[in-house]
Student: 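Sharing a structure, written as structure tokens. Questions coming.
Along the sequence shown, residues are numbered consecutively beginning with 1. All heavy atoms count here, side chains included; hydrogens, waters and symmetry mates do not. Indexing begins at 1, ligand by ligand and atom by atom, following the structure's order.
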Amino acid sequence: KRRHKHSDELEKKIQNHLTDSMKPPGADGDIWELFAEEGEMKIYRKELVEDGLICDPLKAVHSIGNVTAREMCHYFWDTDVRMEWEGTIESFRVIEVPEEFTTIIYQTHRRVWPSAQRDCLYLSSMVKVDNPPSVGDKIPHDTWIVCNFSVDHPEANPVSGCVRALIEIALICQTFITPPKDGGPITRDCLQCDIIYVANVNPGGWAPASVLRSIYKREYPKFLRRFTAYVQDKTRKLDI
Ligand SMILES: CCCCCc1ccc(-c2ccc(S(=O)(=O)CCO)cc2)cc1/C=C\c1ccccn1
């Protein structure tokens, strides 16, 4: 059961995401504010201040065609392509690979004046979910999750001057297949991927509420637009 130091914590977080994060916003009685909407993409936030720090939880739901849940999670998890879609990190290093689809990453984010620069040290794991809760009456073909959460590590060797931000993030994707009416083969056009992205970022130290909230308001929609377009582009049939 315990494959590495963080196995138990990882399992618990994945279970929590599958029960809590997969509920549509508002189902849990919580009041989510819709702050960005573009087509199928809807991004919700809550205002949360902990110890004087802005820790606004974020939940985004989206649905895009022509890709599978596994492709979405692979490109989100795979550090080989991280800098192709990530716009706010300045540098990152894979510190350790505890097991095949689990990495421990140290990354620095671009400094946003007047706040101190932030860094993150987190475990990132990609897992296929066996018995997913079905949301509504659609039956998913498969469900994948990437879970990123802050951990400690002796070899982080942090950049001096950085304030350590703490993250709890998950990308949960489900593939839905609509076979062609004429009984023909299943192609990419039969695929639909439903996406849930939840992010809880504690900035780790003081930063003006207005600066933080404007970063989130600008960066989350940009990230979701850019990342989903990136995966659709990477998986598109090669134009012959
Ligand atoms: C003063 C600035 C304080 C906030 C700094 C910060 C901390 C953490 C993070 C962050 C955001 C997404 C992830 S992830 O989804 O796991 C992907 C891998 O990188 C991990 C970390 C970002 C940012 C700062 C900017 C920011 C905020 C939203 C969205 C995008 N950028």
Student: Quick one: does Q107 get within less than 4.0 Å of ligand 1, heavy atoms only?
Tutor: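 Judged by the 4.0 Å heavy-atom criterion, Q107 does count as contacting ligand 1.
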
Student: Between the side chains of D56 and R213, is the shortest nitrogen-to-carboxylate-oxygen separation below 4.0 Å, so that they form an ion pair?
Tutor: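 Salt bridge flag = yes for D56 with R213.
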
Student: Using a heavy-atom cut-off of under 4.0 Å, does the side chain or the backbone of L171 touch ligand 1, or both, or neither?
Tutor: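 Neither; nothing of L171 gets under 4.0 Å from ligand 1.
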
Student: Look at atom 24 (C) of ligand 1 and find which of H109, E86, R218, K217 reaches it with the closest heavy atom.
Tutor: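 Answer by nearest heavy atom: H109.
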
Student: As a test of understanding, state which of N202, L166, L121, L123 forms a side chain to side chain contact (heavy atoms under 4.5 Å, CB included) with S150.
Tutor: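 The passing option is L166.
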
Student: What protein heavy atom sits nearest atom 25 (C) of ligand 1, and how far away is it?
Tutor: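 The answer is I215 CG2, 3.7 Å.
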
Student: Indicate whether any N or O donor in one side chain lies under 3.5 Å from an N or O acceptor in the other, for H109 and Q117.
Tutor: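 Side-chain D/A pair, H109 to Q117: absent.
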
Student: Is E9 salt-bridged to K12, going by a charged N under 4.0 Å from an acidic O?
Tutor: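 Not counted as a salt bridge, because no side-chain N and carboxylate O are separated by less than 4.0 Å.
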
Student: Could you list the atoms of ligand 1 found under 4.0 angstrom from a heavy atom of N148?
Tutor: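 Heavy-atom distances to N148 below 4.0 Å select 16 (O).
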
Student: Under a 4.0 Å heavy-atom limit, does L212 contact ligand 1 with its side chain, its backbone, both, or neither?
Tutor: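 Only the side chain of L212 comes within reach of ligand 1.
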
Student: Inspect the surroundings of CG in D51 and state if more than 12 heavy atoms from other residues, nucleotides or ligands are less than 6.0 Å away.
Tutor: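 At most 12 heavy atoms, drawn from other residues, nucleotides or ligands, come within 6.0 Å of this atom.
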
Student: Which of the numbered atoms in ligand 1 are below 4.0 angstrom from a heavy atom of Y122?
Tutor: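 Atoms satisfying the 4.0 Å criterion: 18 (C), 19 (O).
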
Student: Flag this pair as yes if the NZ/CZ of K13 is under 6.0 angstrom from the six-membered ring centre of F149 and inside a 45 degree cone about the axis; otherwise no.
Tutor: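 Checked: cation-pi criterion met.
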
Student: Give a yes/no verdict on whether any heavy atom in V112 is under 4.0 Å from an atom of ligand 1.
Tutor: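 Not so, V112 does not reach ligand 1.
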
Student: Within ligand 1, which atoms have a heavy atom of I169 less than 4.0 Å away?
Tutor: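 Selected atoms, number and element: 12 (C), 13 (C), 14 (S), 15 (O), 16 (O), 20 (C).
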
Student: At less than 4.0 angstrom from any non-hydrogen atom of Y216, what atoms of ligand 1 do you find?
Tutor: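 The atoms of ligand 1 under 4.0 Å from a heavy atom of Y216 are 4 (C), 27 (C), 28 (C).
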
Student: Could you name the option among A199, S115, P203 that has the heavy atom nearest to atom 1 (C) of ligand 1?
Tutor: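 It is S115 that holds the nearest heavy atom.
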
Student: Taking only heavy atoms of V201 into account, list the atoms of ligand 1 that are under 4.0 Å away from them.
Tutor: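 Numbered from 1, ligand 1 contributes 7 (C), 8 (C).
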
Student: Parallel, tilted or perpendicular: which one describes the rings of H6 and H4, with boundaries at 30° and 60°?
Tutor: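 Answer is tilted, since the angle falls between 30° and 60°.
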
Student: If hydrogens are left out, which of F92, Y197, Y220, F223 has an atom nearest to atom 28 (C) of ligand 1, that is, the closest non-hydrogen atom?
Tutor: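 Nearest option to atom 28 (C) of ligand 1, by heavy atoms: Y220.
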
Student: Look at the rings of Y197 and F76 and say which category their plane angle falls in: under 30° parallel, 30 to 60° tilted, over 60° perpendicular.
Tutor: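 Plane angle over 60°, so perpendicular.
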
Student: Around atom 30 (C) of ligand 1, find the nearest protein heavy atom and jot down its residue, atom name and distance.
Tutor: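 Here the closest protein heavy atom is E219 CB, 3.5 Å.
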
Student: Classify the ring geometry of W32 against Y44: parallel below 30°, tilted from 30° to 60°, perpendicular beyond 60°.
Tutor: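 It falls in the perpendicular class, over 60°.
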
